[in-house]
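These notes concern the structure reproduced below.
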Amino acid sequence: MNVLYICTHNRCRSALSEAITNQLGGSSKKSLNNESEKSSGQSRLIAKSAGSAPSGQVHPLTLKYLDEAGYSIKGLTSNSWEDQEYMGDFVPDIVITVCDNAAGEACPLWLGDIPKLHKLHWGLTDPSKDTEDEAVTAENFRKTIHQIEQRVAELINIAALPDSERLAALNALANPIHKQ
């Protein structure tokens, strides 16, 4: 299952989500829309992240705390979803916005026209916003990484479900009262 995480700047939460998903979700380059992968029982997740107005670089603290948590940061970049060189032939099965509506952030709107595309929203607080106190910053990043890990673990389970059950499970994952 191909997952595209989007936000405005592709600097922190979407990059965190991409790195975590790719490491926990496996490394198969096929989407679950591929029949041979479905029949083999594989439930791989492949992720990319992008922004509507990318900053051009991943936040240094994003890289620091991903590395601290044991995630690879190799090749992690800040990109636009309109960058054909970056997106290549990647076609998402799911687009997940990760901005924080509760903080009054405007989420970018994905207007791509892909059949059977699922759109979800994970409201994640931006841990790179409050960096004055190092201990608070560290705790904010660790909390956000943990939230993403929990959601990705659920995505891995959902990817293994039959098509008939996947949509309901994806909708439950996006439910605003979803336990974090």
Side-chain angles (χ1 to χ4, degrees), residues 1-25 45-82 86 92-112 117-159 169-180:
M1 194 160 52
N2 290 341
V3 182
L4 177 62
Y5 293 100
I6 62 172
C7 63
T8 304
H9 301 295
N10 189 216
R11 186 168 160 88
C12 187
R13 292 161 291 186
S14 55
L16 288 168
S17 298
E18 174 186 353
I20 292 167
T21 301
N22 283 331
Q23 193 155 323
L24 296 181
L45 297 176
I46 309 299
K48 285 195 177 237
S49 64
S52 57
S55 68
Q57 70 176 23
V58 176
H59 196 290
L61 291 175
T62 299
L63 300 173
K64 174 184 176 176
Y65 289 105
L66 279 169
D67 187 53
E68 175 189 280
Y71 292 102
S72 173
I73 57 174
K74 184 179 178 184
L76 201 57
T77 58
S78 174
N79 301 284
S80 169
W81 62 61
E82 294 179 348
Y86 170 69
D93 298 300
I94 304 170
V95 172
I96 301 175
T97 54
V98 293
C99 52
D100 185 9
N101 291 106
E105 295 176 356
C107 288
L109 179 61
W110 171 267
L111 297 175
L117 176 73
H118 303 289
K119 296 179 186 178
L120 306 176
H121 174 72
W122 293 353
L124 298 171
T125 302
D126 187 349
S128 69
K129 291 283 186 190
D130 181 10
T131 58
E132 303 235 349
D133 180 304
E134 191 173 328
V136 171
T137 300
E139 181 57 31
N140 289 342
F141 269 92
R142 290 177 188 129
K143 178 181 176 186
T144 300
I145 287 170
H146 179 70
Q147 289 173 329
I148 295 167
E149 288 169 335
Q150 289 179 313
R151 298 276 178 101
V152 169
E154 292 183 64
L155 276 179
I156 291 167
N157 292 333
I158 290 168
L170 285 170
N171 288 335
L173 184 59
N175 187 328
I177 59 170
H178 178 78
K179 302 282 188 241
Q180 296 184 23

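If you're wondering where the values come from, they're calculated on a predicted model, not measured in any experiment.
- Atom CD of Q147 is separated from atom CD1 of I20 by 10.5 Å, given to the nearest 0.5 angstrom.
- Contact between H121 and C99 at its shortest, heavy atoms only, is CE1-O, 2.9 Å.
- Between S72 and A19, the shortest heavy-atom contact is O-CB, 3.9 Å.
- Interatomic distance, OG1 of T77 versus CZ of R11, reported as 13.5 Å (0.5 Å rounding).
- Here the side chains of E149 and L24 are in contact, with some heavy-atom distance below 4.5 Å.
- A donor-acceptor pair under 3.5 Å is absent between the side-chain atoms of S17 and the main chain of S49, judged by distance alone.
- In this structure a side-chain-to-backbone donor-acceptor pair under 3.5 Å is missing from T62 to V58.
- Separating the CD atom in Q23 from the CG atom in L66 is a distance of 9.0 Å, to the nearest 0.5 Å.
- A 6.0 Å sphere centred on CD of E68 holds more than 12 heavy atoms belonging to other residues, nucleotides or ligands.
- Contact annotation: the side chain of L124 never approaches that of D100 to less than 4.5 Å [non-hydrogen atoms, C-beta and beyond].
- Between C12 and D126 the shortest side-chain heavy-atom distance falls below 4.5 Å.
- Between Y86 and W81, the distance separating the two ring centers is not shorter than 6.0 angstrom.
- You'll find the side chain of S14 stays beyond 4.5 Å of the side chain of H9, heavy atoms only.
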Start with the C-alpha distance between N140 and T125, add both sets of side-chain angles, then the distance that settles side chain to side chain contact (heavy atoms under 4.5 Å, CB included), and finish with yes or no. CA-CA 8 Å; N140 289 342; T125 302; over 6 Å; no

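- Between F141 and Y65, the ring-plane angle classifies as parallel under the 30° and 60° cut-offs.
- Distance check: Q150 CD to I145 CD1 gives 13.0 Å after rounding to the nearest 0.5 Å.
- Contact check for L16 versus V98: no side-chain heavy atoms found under the 4.5 Å cut-off.
- Within 6.0 Å of the NE2 atom in H118, the count of heavy atoms belonging to other residues, nucleotides or ligands exceeds 12.
- Separation of atoms CG (L4) and NZ (K119) is listed at 11.5 Å; rounding is to 0.5 Å.
- Residues T97 and Y5 fail the side-chain proximity criterion, which asks for heavy atoms closer than 4.5 Å.
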With side chain to side chain contact (heavy atoms under 4.5 Å, CB included) as the test, would you mind laying out the steps for I94 and L170 before giving the verdict? CA-CA 9 Å; I94 304 170; L170 285 170; 3.6 Å; yes

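- Annotation for T131 and T137: closest pair CA-OG1, 3.0 Å, computed over non-hydrogen atoms.
- For the atom pair N2 CG and T21 OG1, the distance stands at 11.5 Å (nearest 0.5 Å).
- Annotation: side chain of D130 is in contact with side chain of V136 (closest heavy-atom distance under 4.5 Å).
- Not one N or O on the side chain of S55 forms a donor-acceptor pair closer than 3.5 Å with the backbone of N10.
- Between the E18 side chain and the L76 main chain, no donor and acceptor come within less than 3.5 Å of each other.
- Minimum interatomic distance between D133 and A135 (heavy atoms only, all atoms of both residues): OD1-N, 2.9 Å.
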